[in-house]
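Written out below as structure tokens is the structure these notes cover.
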Amino acid sequence: MKKIDVRKATPVDSKFLASCMLKSSRAGKSVGIFDLIFEQNDDERLLGVLEELITSQIKTYCHYSNFLIADIDAQSVGTLCNYEPRIATSEMLAKALEPFGVREKYEEYSSLVSLCSFETDKRTWMLDFLVEKDGYSDLLIVRELLKKSLLTATLKGYRIIHTMVEIGSADILLMYKKLGFKVIDEKKCEVFKENFGRSGIALLELHL
């Protein structure tokens, strides 16, 4: 494979990031959390809304500044969101969603998801939206993204890395395990299954 360049995302990457966020949130399902929050059945419109969220002045965990981009020959081929839960809080996301008129919808689904999810530990470095472009599946790209993320986490004083994966997302779970993560807890509930067709969430951890 050609050289992989990993860099911090910029507003110019918003279209690529939006497509990766939507793909990751669906994780092989027909709908994901963004489909439910924004109640859109038009992918183009939904992607446009996500681009606005990514470039919002309010720095949620979805903000472009929290993303790394992997490039090959100046083409974006992968991304990873890494953020500090103590800064990018759920309250910040709720505030950022106000202009879209979906804050109540977000809080409604957030409370449902929280029943079978985990409290975000503010002492951990959090990962989300780890995506390789279709056609790339040899882990080289995600390893380079993770390496860059872990370097930043170390410099900021973090020693524990967390991510959450839907139970049943076998490919994503296997990818994280190959990167050294271990499942440390699972939560299952009917509400999550009713909304997303998955039985719950697995919490994965990596120690630096």
Side-chain angles (χ1 to χ4, degrees), residues 1-85 87-88 92-93 96-97 99-100 102 106 125-153 161 163-166 169 171-176 178-179 181 196:
M1 180 181 282
K2 296 179 180 178
K3 185 175 183 294
I4 302 167
D5 296 307
V6 177
R7 59 179 175 82
K8 294 196 70 172
T10 71
V12 176
D13 298 303
S14 61
K15 186 177 291 294
F16 176 69
L17 293 177
S19 66
C20 289
M21 284 173 58
L22 187 57
K23 178 182 178 181
S24 178
S25 69
R26 288 174 175 170
K29 311 183 303 297
S30 57
V31 297
I33 188 69
F34 297 121
D35 296 276
L36 296 178
I37 291 173
F38 292 105
E39 297 183 306
Q40 286 286 347
N41 53 15
D42 182 329
D43 278 7
E44 285 305 309
R45 292 182 66 180
L46 180 53
L47 288 168
V49 172
L50 289 177
E51 282 191 62
E52 290 184 52
L53 183 62
I54 288 163
T55 55
S56 168
Q57 291 186 344
I58 301 173
K59 293 187 177 182
T60 69
Y61 81 101
C62 300
H63 194 263
Y64 70 85
S65 61
N66 290 319
F67 283 83
L68 296 172
I69 301 279
D71 290 333
I72 295 178
D73 288 340
Q75 294 293 316
S76 298
V77 295
T79 189
L80 171 63
C81 174
N82 48 194
Y83 64 97
E84 298 175 85
I87 297 174
M92 290 287 283
L93 182 56
L97 290 172
F100 302 100
V102 294
Y106 162 71
W125 184 251
M126 198 74 188
L127 303 183
D128 205 343
F129 307 122
L130 179 56
V131 177
E132 284 182 312
K133 195 173 180 180
D134 290 345
Y136 297 90
S137 57
D138 53 13
L139 286 184
L140 288 177
I141 292 168
V142 294
R143 284 189 193 281
E144 288 300 310
L145 286 164
L146 183 63
K147 186 194 303 182
K148 180 76 170 180
S149 175
L150 298 187
L151 175 60
T152 304
I161 317 299
T163 192
M164 298 181 204
V165 176
E166 291 177 2
S169 298
D171 291 345
I172 300 171
L173 186 60
L174 180 61
M175 179 170 65
Y176 272 112
K178 286 182 176 179
L179 293 171
F181 284 80
F196 302 105

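- For Leu139, the side chain to side chain contact (heavy atoms under 4.5 Å, CB included) criterion is met by Val142, Arg143, Met175, Lys178, not counting sequence neighbours.
- Under the side chain to side chain donor-acceptor pair (under 3.5 Å) criterion, Lys147 pairs with Glu144, sequence neighbours left out.
- For the pairing with Leu17, the side chain to side chain contact (heavy atoms under 4.5 Å, CB included) check across Leu53, Ile54, Thr10 returns one residue only, Ile54.
- For the atom pair OG1 (Thr60) and CD1 (Ile87), the distance works out to 12.5 Å, reported to the nearest 0.5 Å.
- Under the 4.5 Å side-chain criterion, counting only non-hydrogen atoms from C-beta, Lys15 is not in contact with Leu47.
- Atom CG in Asp71 sits 13.0 Å away from atom NZ in Lys2 (nearest 0.5 Å).
- Here Ile33 contributes atom CD1 and Glu166 contributes atom CD; the two are 9.5 Å apart, rounded to the nearest 0.5 Å.
- Of the possible donor and acceptor atoms, none in the side chain of Asn82 sits under 3.5 Å from a partner among the backbone N and O of Phe67.
- A salt bridge does not link Arg7 to Asp5: none of the charged nitrogens lies less than 4.0 Å from a carboxylate oxygen.
- Annotation: side chain to side chain donor-acceptor pair (under 3.5 Å) contacts of Ser169 (sequence neighbours excluded): Arg198.
- Summarising the geometry of Ser65 relative to Lys59, their closest heavy-atom pair is OG-CD, 4.1 Å, with the distance given to 0.1 Å.
- Looking at every heavy atom in both residues, Gly78 comes nearest to Ile141 through CA-CG2, 4.1 Å.
- Around atom NZ of Lys29, more than 12 heavy atoms belonging to other residues, nucleotides or ligands sit under 6.0 Å away.
- Atom CD1 of Ile4 sits about 5.0 Å away from atom CD1 of Ile72, to the nearest 0.5 Å.
- Screening residues 34-63 for ring-ring contact (aromatic ring centres under 6.0 Å, His included) gives Phe38-Phe100, Tyr61-Tyr83, Tyr61-Phe129 as the qualifying pairs, with residues at least two apart or on separate chains.
- Between the CE atom of Met126 and the OG1 atom of Thr163 there is a distance of 5.5 Å, given to the nearest 0.5 Å.
- Summarising the geometry of Phe196 relative to Val31, their closest heavy-atom pair is CD2-O, 4.3 Å, with the distance given to 0.1 Å.
- Remark: the backbone N or O of Leu68 is paired with a side-chain donor or acceptor of Thr79 at under 3.5 angstrom.
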Which donor-acceptor pairs under 3.5 Å do the side chains of residues 18-28 make with protein atoms, sequence neighbours left out?
| unit_1 | atom_1 | unit_2 | atom_2 | d |
| --- | --- | --- | --- | --- |
| Ser19 | OG | Phe16 | O | 2.7 |
| Lys23 | NZ | Glu132 | O | 3.3 |
| Lys23 | NZ | Asp134 | OD1 | 2.7 |
| Ser25 | OG | Met21 | O | 3.3 |
| Ser25 | OG | Leu22 | O | 2.9 |
| Arg26 | NE | Asp35 | OD2 | 3.1 |
| Arg26 | NH1 | Asp43 | OD2 | 3.2 |
| Arg26 | NH2 | Asp35 | OD1 | 2.8 |
| Arg26 | NH2 | Asp43 | OD1 | 2.8 |

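- For Thr55 against Ser14, the heavy-atom pair with the smallest separation is CG2-CB, 3.8 Å.
- Annotation: side chain of Val165 is not in contact with side chain of Phe181 (no heavy-atom distance under 4.5 Å).
- Residues satisfying the side chain to side chain donor-acceptor pair (under 3.5 Å) criterion with Asp42, sequence neighbours excluded, are absent altogether.
- Contact of the Leu146 side chain with the Leu127 side chain is registered, since non-hydrogen atoms from C-beta on lie closer than 4.5 Å.
- Using a 3.5 Å distance cut-off with no hydrogens or angles, the side chains of Trp125 and Thr152 do not pair a donor with an acceptor.
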